[in-house]
2 protein chains.
Amino acid sequence: MAQRNQLKYIILGLLSEKKLTGYDITKAFDSDIGEFWSANHSQIYPLLKRLEDDALITHELELVGEKLEKKLYSITSAGKTVLREWLSEPTPEISATKDEFILKLYFIHSADDPLLLPMLTEQHQLHQAKLTHLKNQMSRKFPDETSQNNLGHFLILQHAIQRETRYTAWLQDIIDKVSR
Amino acid sequence: MAQRNQLKYIILGLLSEKKLTGYDITKAFDSDIGEFWSANHSQIYPLLKRLEDDALITHELELVGEKLEKKLYSITSAGKTVLREWLSEPTPEISATKDEFILKLYFIHSADDPLLLPMLTEQHQLHQAKLTHLKNQMSRKFPDETSQNNLGHFLILQHAIQRETRYTAWLQDIIDKVSR
DNA sequence: CAAAAACATGTATATATTTACATATATAAA
DNA sequence: TTTATATATGTAAATATATACATGTTTTTG
């Protein structure tokens, strides 16, 4: 195995919220949930088929325009059970936060290394942009205090924003020290 | 492919610091660098062989005790070039921070869900323990201000500590709000 | 109205990663 | 001194993931 098929549960979770096509699920990883997992459509479509074989989901066909048929998937009660079981299990593992930049930084031994400052400014710019994007998402999805209808969705966005805020501040701090 | 073989560069990076065995490299993922990548020995040994075939590393045999031979690997100048090239390249992708707990949280829609509080306290305990562990590592590896001989090593530990500090604070904040 | 972008669904191939299988020596602890 | 643990090195098999290949429709934009 290569990991305990989290994507399976993500798909079940997404379908427990509403009916979705494979395309919708693919796109879901472009927004908030994409901060904490990613998947390509080439992984999603075969998995949808497998989950349907296992009777955890079903689909109905829907016509778009004249010809184009899309498959609207929905979760079955068996699927809901499996999803709930996953949610109920302990989550005792904190997996490594895979971050290529941090890996590179690990091998920069001196503040005088000419690669350091460009690396830092590049990352600062990237994370600053991501932070802006996340804040936009937040104000779009949760415009006011009372709109926190979906707690989980709100919390993970909040988490991502805090993460990026701290990340950029950390980078800025190093930049200040290095370029002084 | 499934990612641009970062492990290759980690191995080159580690070997650029000192000669190591496959076992040493495996163990390296138990300490600081393990916060940002992980690998099993079953992945490391074959890759070492491949890197040696590509002449990026070599090894010498060393005897431990009476019989046990270990392979001490070291980086070649070709390996150093490849490593330096990797470090010099831009790192324009921020990959998703894969976190199973956060995924689960995404699918908890209400503060009244009985699963929520146990999940939060479990994670708080885990991240609190990790934070303590990281702080111990820090005071062991960098006991005083002047001991920051290896900037990269220091910075990524600092980063991990800040990350876990914020993570636990975030969890505590939710726990307070939910259990009120 | 033409062209570009978005919608929609797949398959094939290569590689990365995890878990399990397999074995042996050296050292520390009971 | 025996036993457990750490050191040490591999292979096999299964699964996950990424990139590329492949195709067609619908909607938006210039």
Side-chain angles (χ1 to χ4, degrees), chain A residues 1-11 14 19-31 33-34 36-54 57 59-73 92-98 100 103, chain B residues 1-11 19-31 34 36-54 57 59-73 92-98 100 103:
Chain A
M1 240 196 299
Q3 237 160 169
R4 229 158 61 284
N5 210 348
Q6 324 255 54
L7 183 57
K8 167 180 167 178
Y9 298 108
I10 297 171
I11 290 177
L14 289 171
K19 295 181 180 181
L20 295 169
T21 66
Y23 187 81
D24 294 330
I25 293 169
T26 304
K27 270 197 313 170
F29 292 103
D30 292 338
S31 66
I33 199 165
F36 300 100
W37 206 265
S38 70
N40 295 102
H41 76 276
S42 61
Q43 195 185 357
I44 290 166
Y45 286 111
L47 184 49
L48 283 169
K49 200 161 274 180
R50 210 191 84 197
L51 292 176
E52 189 160 34
D53 288 344
D54 295 347
I57 62 177
H59 80 269
E60 60 203 271
L61 291 173
E62 200 174 77
L63 220 68
V64 185
E66 295 278 293
K67 294 179 176 178
L68 207 158
E69 271 184 340
K70 64 178 181 182
K71 292 185 178 176
L72 251 189
Y73 285 94
E93 305 293 329
I94 305 177
S95 55
T97 305
K98 297 194 170 181
E100 189 175 9
L103 291 178
Chain B
M1 238 197 298
Q3 235 160 167
R4 229 158 61 284
N5 209 348
Q6 325 257 55
L7 183 57
K8 166 180 167 177
Y9 299 108
I10 298 171
I11 289 178
K19 295 181 180 180
L20 295 169
T21 66
Y23 186 81
D24 294 331
I25 293 169
T26 305
K27 270 197 315 171
F29 292 102
D30 292 338
S31 65
F36 300 100
W37 205 265
S38 70
N40 295 102
H41 76 275
S42 59
Q43 196 185 359
I44 290 166
Y45 285 113
L47 185 49
L48 283 170
K49 200 161 275 180
R50 210 191 85 197
L51 293 177
E52 189 160 34
D53 287 344
D54 296 346
I57 62 176
H59 81 270
E60 58 202 272
L61 292 172
E62 201 174 77
L63 220 68
V64 185
E66 295 279 292
K67 293 179 177 179
L68 207 158
E69 271 183 339
K70 64 178 183 183
K71 291 185 178 176
L72 252 189
Y73 284 93
E93 304 293 329
I94 304 178
S95 55
T97 306
K98 298 196 169 180
E100 189 175 9
L103 292 178

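Lettering follows sequence order; numbering is per chain, from 1.
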Please report the distance, rounded to the nearest Å, between CG in A:Leu72 and P in C:dT9. 8 Å
Report the distance from atom NZ of B:Lys70 to atom C1' of D:dA8, rounded to the nearest whole Å. 9 Å
Any A:Arg50 side-chain N or O less than 4.0 Å from OP1/OP2 of D:dA16: yes
Output for pair (A:Thr21 OG1, A:Lys27 NZ), nearest 0.5 Å, gives 7.5 Å
Among all residues two or more places apart in sequence or in another chain, which pass the salt bridge (Lys or Arg N to Asp or Glu O under 4.0 Å) test with A:Lys8? none
Between CD of A:Glu69 and C1' of C:dG10 the distance, given in whole Å, is 14 Å
Give a yes or no on whether the backbone of A:Ser95 and the side-chain of B:Ser38 come within a donor-acceptor separation of less than 3.5 Å. no
Write down the distance between CG (B:Leu7) and P (C:dT18), rounded to a whole number of angstrom. 10 Å
Residue list, side chain to side chain contact (heavy atoms under 4.5 Å, CB included) with A:Leu103, at least two apart or on another chain: B:Gln6, B:Ile10, B:Ile33, B:Phe36, B:Trp37, B:Trp86
Short side-chain to backbone donor-acceptor contact, A:Thr26 and A:Ile44, under 3.5 Å: no
Please identify each residue that fulfils side-chain hydrogen bond (donor to acceptor under 3.5 Å, both in side chains) with B:Thr97, with sequence neighbours left out. A:Arg163
Below 4.0 angstrom, which residues in residues 40-49 of chain A have at least one non-hydrogen atom near DNA chain D? A:Asn40, A:Ser42, A:Gln43
Provide, to the nearest angstrom, the distance between the OH atom belonging to A:Tyr9 and the C1' atom belonging to D:dA16. 14 Å
CD1 of A:Ile11 to CD of A:Gln43, rounded to nearest 0.5 Å, is 8.0 Å
For B:Glu60, check salt bridge (Lys or Arg N to Asp or Glu O under 4.0 Å) against everything at least two apart and list the hits. B:Lys19
At what angle, to 10 degrees, do the two end axes of the helix from C:dC1-D:dG30 to C:dA30-D:dT1 meet, given five pairs define each axis? 50°
Would you give the length of the straight line joining atom NZ of A:Lys70 to atom CG of A:Leu61, rounded to the nearest 0.5 angstrom? 11.5 Å
For the residue pair B:Gly34 and A:Ala96, what are the closest heavy atoms and their distance? O-CB, 3.3 Å
Who passes side-chain hydrogen bond (donor to acceptor under 3.5 Å, both in side chains) against A:Asn40, sequence neighbours left out? none
Comparing B:Lys71 and B:Lys98 on DNA chain D - which has the more 5′ nearest nucleotide: B:Lys71
Got a sec, which residues hit ring-ring contact (aromatic ring centres under 6.0 Å, His included) with B:Phe29, two or more places apart in sequence or on another chain? none
Acceptor/donor pairs from residues 45-54 of chain A side chains to any protein atom, 3.5 angstrom cut, sequence neighbours excluded:
| residue | atom | partner | partner atom | Å |
| --- | --- | --- | --- | --- |
| A:Tyr45 | OH | A:Tyr23 | N | 3.4 |
| A:Glu52 | OE1 | A:His59 | ND1 | 3.0 |
| A:Glu52 | OE2 | A:His59 | N | 3.1 |
| A:Glu52 | OE2 | A:His59 | ND1 | 2.8 |

How about B:Val64 and B:Glu69: do any of their side-chain heavy atoms sit closer than 4.5 Å? no
Please give me every residue in residues 19-30 of chain A whose heavy atoms get under 4.0 Å of an atom in DNA chain D, ordered by residue number. none
Using a heavy-atom cut-off of 4.0 Å across all strands, would you classify B:Lys8 as base, sugar-phosphate, or nothing? nothing
Are there any protein N/O atoms within less than 3.5 Å of an N/O atom in nucleotides 26-30 of chain C, and if so, which ones and at what distance?
| residue | atom | partner | partner atom | Å |
| --- | --- | --- | --- | --- |
| C:dA26 | OP1 | B:Val64 | O | 3.1 |
| C:dA26 | OP1 | B:Glu66 | N | 2.6 |
| C:dA26 | OP1 | B:Lys67 | N | 2.6 |
| C:dA26 | OP1 | B:Leu68 | N | 3.3 |

Check the distance between D:dT9's C1' and B:Glu62's CD and give it to me in whole angstrom. 15 Å
